[in-house]
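Naming convention: chains lettered A, B, ... in sequence-line order (proteins, then strands); numbering from 1 in each chain. Worth saying up front: this structure is predicted, and the values here are computed from it rather than measured.
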Amino acid sequence: MDADYADAVRELVRRIPVGRAMTYGLIAEVIADRIVAAGGTARGGPRQVGRIMALGDGDWPWWRVVNAAGAPPPHHVAEALDRWDDEEMPLTADRSRIALRRAVWFPEE
DNA sequence: ACATTGACTAATT
DNA sequence: TAATTAGCCAATG
């Protein structure tokens with residue numbers, strides 16, 4: 001299995017600050033870049049990241065990862081909304097999705 | 001090896 | 001803004 005890939009994803013997600021979020025595509029890109037930088041062949045993509053999230057092994061802030069539209073996964077929408085309220089995640093006016101413009105975070109430093 | 005499936009995305013309507 | 005379509009990568013049967 002890609003235990004390495006899965007670990008990379010979870011580790012990156014854990015680094016997302018409270019009140020910020022990342023998209024599947026962005027996470028996939030960051031990790032792909034790392035693999036290439038390490039001399040490996042780029043693999044994975046948004047769907048692979050999503051697949052790992054679906055496994056849901058361990059405790060990590062999966063609610064800070066949303067699709068490109070800023071909408072939460074169709075599985076735990078209600079819970080995601082609660083989490084967002086708890087950490088004051090910037091939401092759109094209708095509160096149906098994250099205000100990516102303000103909330104997207106990119107790993108720097 | 002082939003078909004199906006999925007916590008996706010981007011472009012098109 | 002929302003629905004459709006086509007492309008996408010890896011896992012599964």
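We find that CG of A/Leu100 is positioned 15 Å from C1' of B/dA10, with the value rounded to whole Å. Separating the CZ atom of A/Arg43 from the C1' atom of C/dA10 is a distance of 10 Å, rounded to the nearest angstrom. A/Trp60 has its CH2 atom 9 Å from the C1' atom of B/dA7, to the nearest Å. Between A/Glu29 atom CD and B/dA10 atom P the separation is 8 Å, expressed in whole Å. The distance between atom OH of A/Tyr24 and atom P of C/dC9, rounded to the nearest whole Å, is 19 Å. To the nearest angstrom, P of B/dT9 lies 12 Å from CD of A/Gln48. When rounded to the nearest whole Å, the span between CZ of A/Arg51 and P of C/dT12 equals 6 Å. Taking atom CD1 on A/Ile31 and atom P on C/dC9, their separation rounds to 16 Å, with Å as the unit.
Out of C/dA10, B/dC8, B/dA7, the shortest distance to the side chain of A/Pro46 is found at B/dC8. For A/Met53, the listed nucleotide lying nearest its side chain is B/dA7; candidates were B/dA10, B/dC8, B/dA7. Checked against B/dA10, B/dA7, C/dA10, the side chain of A/Ala68 finds its nearest nucleotide in B/dA10.
Within the 4.5 Å cutoff, the side chain of A/Arg64 has heavy atoms near those of the A/Val18 side chain.
The nearest heavy atom of DNA chain C to A/Arg97 and to A/Gly44 marks one nucleotide each, and the one closer to the 5' end goes with A/Arg97.
Side-chain contact, A/Trp60 with A/Glu11: no donor N or O sits under 3.5 Å from an acceptor N or O.
Note on A/Asp7 versus A/Arg10: salt bridge recorded, some NZ/NE/NH1/NH2 to OD/OE distance being below 4.0 Å.
Across all strands shown, A/Pro73 has heavy atoms under 4.0 Å from base atoms, whether or not it also approaches the sugar-phosphate. Contact annotation for A/Ala54: base contact, defined as any heavy-atom pair under 4.0 Å involving a base atom. Here A/Arg47 lies in heavy-atom contact (under 4.0 Å) with a base.
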- Task: Apply the test side-chain contact (heavy atoms from CB on, under 4.5 Å) to residues A/Ile27 and A/Val13: give CA-CA distance (whole Å), side-chain angles for both, the deciding distance (0.1 Å), then the verdict.
- Result: CA-CA 8 Å; A/Ile27 291 175; A/Val13 172; 4.1 Å; yes

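Around CD of A/Glu79, the count of heavy atoms belonging to other residues, nucleotides or ligands within 6.0 Å exceeds 12.
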